[in-house]
Amino acid sequence: MLVLPPPWRLPRRRAKALESFICTTIPTSPMKTPITMPGYYSWNQFERNCCVSELLEECALAEGKLIHGHIIKAAFYPDVSLLNRLANMYAKCGCLEDARQLFDKMHYRNIVSWNMMITGYAKCGHGEQHYAQLESLKLFCHMQLDGKKPNRITFAGVLSACIGLNNVQQGKQESRQVFDKMTARDVVVWNVIIAGYAQQGCVGEALKLLSQMQWAGLMPDEFTLGSLLSVCGSFLALEEGKQVHVHIIRIGLELSTFVGSALVDMYAKCKNIDVARRIFDTMLVHSSVTWTVMIAGYVQNGLGEEALKLFSQMQMEGVKPDQLTLASVLSACANLAALKVGKQIHAHTLASGFLSHLSVGNALVTTYAKSGCIEDAHQVFNAMSERDLVSWTAMIGGFAYHGFGKESLQLFEQMLKAGMKPDHITFIGVLNACSHSGLVHEGYQYFNCMTHDHNITPIADHYACMIDLLGRAGRLNEADNLMKTMPFEPHANLWGSLLASCRIHSNLELGIQAAECLFKLEPQNAANYVLMSNIYASAGRWDDVSKVRKMMKDRNVRKNPGCSWIEVKNTVHSFVAGDRSHPQVEEIYEMLEILARQMKAAGYVPDTNFVLHDVEDEYKDNFLIYHSEKLALAFGLISIPHGIPIRIVKNLRVCGDCHTAIKFISKIAGREIIVRDAHRFHHFKDGLCSCGDYW
Ligand code: ZN
Ligand code: ZN
């Protein structure tokens with residue numbers, strides 16, 4: 001009996017041994033006899049996938065089929081690279097049809113999968129050559145519709161398909177090799193060449209070719225123009241995009257759904273969202289693609305509320321969303337913490353099977369994590385049949401922001417065991433986990449292993465996490481030293497993090513030093529002045545407090561207006577400080593008055609230091625009760641039934657007074673209140689907050 005070694009990469013000889021083992025044990029009926037390999041089932045999925053991939057590398061059709069049968073029989077989930085190997089094996093052995101069948105069944109295809117099929121068809125040299133090469137070009141179009149970016153290998157494949165096709169059409173005259181020598185430069189060939197230039201970032205060159213093509217008497221088709229527009233969008237080349245638009249109008253293709261969608265997409269990506277919407281509105285027919293690019297456009301431009309509005313309009317018109325629509329809408333939900341809409345989409349994905357799409361699964365995990373439902377995020381993560389770096393990173397970061405440091409770090413270890421390579425964003429999550437849970441020792445360990453074991457050079461964001469970690473733990477001098485030893489000049493974020501820690505630990509000396517740097521680096525950022533005046537206030541240095549306020553006035557520093565969102569009955573309501581624009585404004589302010597009275601009776605004293613936070617200086621103490629998060633909360637209390645948590649999102653750090661007030665209100669009203677501010681989550685319950693007043 002052969003026992004396989006546990007390491008996932010088998011030595012070549014052992015691989016051969018396993019190959020012959022499979023062949024000799026079950027030569028006739030691979031489907032009936034399960035292969036028994038001691039030690040095999042103790043491997044994890046990744047190791048199995050790698051082992052079988054290795055075996056497939058140099059095998060003949062018969063063995064390959066045997067292994068394929070074994071995969072089905074053993075009921076383990078082949079990952080995308082194993083499926084690619086399997087399909088490649090069929091293609092190499094001349095069974096292109098079998099390869100295609102496998103390819104069509106794949107839930108997720110990466111660039112390697114597409115390249116393999118495109119090249120496979122292009123190189124198919126027998127009988128039905130014409131058909132195969134057209135199939136190669138068709139796949140090239142599908143690939144772009146699927147949102148995959150072609151690379152050099154793709155273009156090499158497509159070009160060889162074009163040359164082959166050209167030769168077939170010319171009755172196989174030979175030795176013409178490259179595009180320039182072709183006589184029949186048909187539209188397809190032009191398309192490929194133009195797309196090729198454009199994808200490499202040579203948009204100007206591609207535009208020249210577009211004119212040449214027309215001079216040669218050929219009309220560019222939807223595909224030529226669509227691919228050019230998509231590139232203009234990705235490279236934010238608005239001027240070039242406008243030139244293509246002119247071509248489109250000249251040819252009269254502006255009413256085509258395909259070209260129209262590409263135009264909407266291009267303008268949205270180039271931040272001309274109003275123009276995009278105008279084109280969308282003038283289009284006669286909207287395909288699901290058109291709806292999706294417009295919705296995604298709103299999301300990319302930070303207009304989540306508009307995206308959700310358009311999505312409900314899309315549903316009312318009976319257009320079925322696809323996985324890209326759902327992923328876009330979900331990321332709008334994530335930014336607005338629009339949980340109800342997010343949950344509806346979750347139900348929809350379960351019913352439609354879209355959950356198996358990686359982008360949808362990832363977006364759901366992010367939405368739940370950002371909406372404060374970390375358990376739901378974890379459930380979706382566990383249910384995903386395939387996970388990529390984005391999925392792992394989202395979950396690790398999600399745990400970290402909710403203060404579940406241990407869980408976050410455990411998941412990170414699990415990720416490494418699954419053979420996934422972390423990137424610098426994963427490490428931001430890991431270091432945040434240490435920071436939010438006060439794990440200084442672990443923080444240092446991960447910070448060091450990032451460079452030594454994973455070859456990732458720490459960037460400013462990683463240093464910011466470390467400084468935050470040390471600062472929160474009160475090790476301010478260590479934080480200060482780390483900043484001094486950094487290989488680059490500390491930027492504003494790092495000083496800001498240090499300043500925030502100085503406020504928590506009332507370190508006046510270091511605070512002044514950090515603030516001085518910050519006032520120079522970002523003289524217009526109000527948050528720094530506010531923090532510094534708070535530090536002075538808690539040290540009782542009122543003269544300095546007024547000096548800071550005067551400085552703000554002299555420098556004409558404008559505060560970023562605080563804004564809070566709350567979702568009630570599928571609609572997201574937004575509030576700014578002192579907002580009176582809401583239709584239920586009377587009830588909201590009445591509720592605030594009642595709350596103010598009850599809070600005072602319970603012992604709450606307004607902390608007027610924080611008047612500065614949201615409001616212009618000259619204002620009275622009672623302005624505190626009109627901060628945006630309090631307005632949102634009052635509205636939540638009126639409209640959300642008892643027993644259901646109230647969830648609020650704020651664009652800035654929640655102010656100290658609101659934090660105290662919400663603690664009181666959670667007790668008085670007997671409600672669970674979850675606030676996501678610019679820095680973390682706060683779960684308020686029974687007069688306490690999960691952050692331990694540490695944010
Ligand atoms: Zn406030
Ligand atoms: Zn809190």
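Values below: all heavy atoms of this structure, side chains included; hydrogens, waters and symmetry mates excluded. As the structure lists them, so they are numbered: ligands from 1, and atoms in each ligand from 1. Sequence positions, counted from 1, serve as the residue numbers for this chain.
Relative to the ring axis of Tyr589, Arg580 places its NZ or CZ within 45° and under 6.0 Å from the centre. Relative to the ring axis of Tyr529, Arg549 does not place its NZ or CZ within 45° and under 6.0 Å from the centre.
Considering just the N/O/S atoms of His627, the one nearest the Zn ion (ligand 1) carries the name ND1.
Taking backbone and side-chain atoms together, His683 has no N/O/S atom less than 2.8 Å away from the Zn ion (ligand 2). Backbone or side-chain N, O or S atoms of Cys658 reach the Zn ion (ligand 1) at under 2.8 Å.
The shortest non-hydrogen separation linking Ala296 to Ser328 is CB-OG, 3.4 Å.
In this structure, SG of Cys689 and ND1 of His682 enclose an angle of 120° at the Zn ion (ligand 2), rounded to 10°.
Under the 3.5 Å distance criterion, with hydrogens and angles disregarded, a donor-acceptor pair is assigned to the side chains of Asp388 and Ser391.
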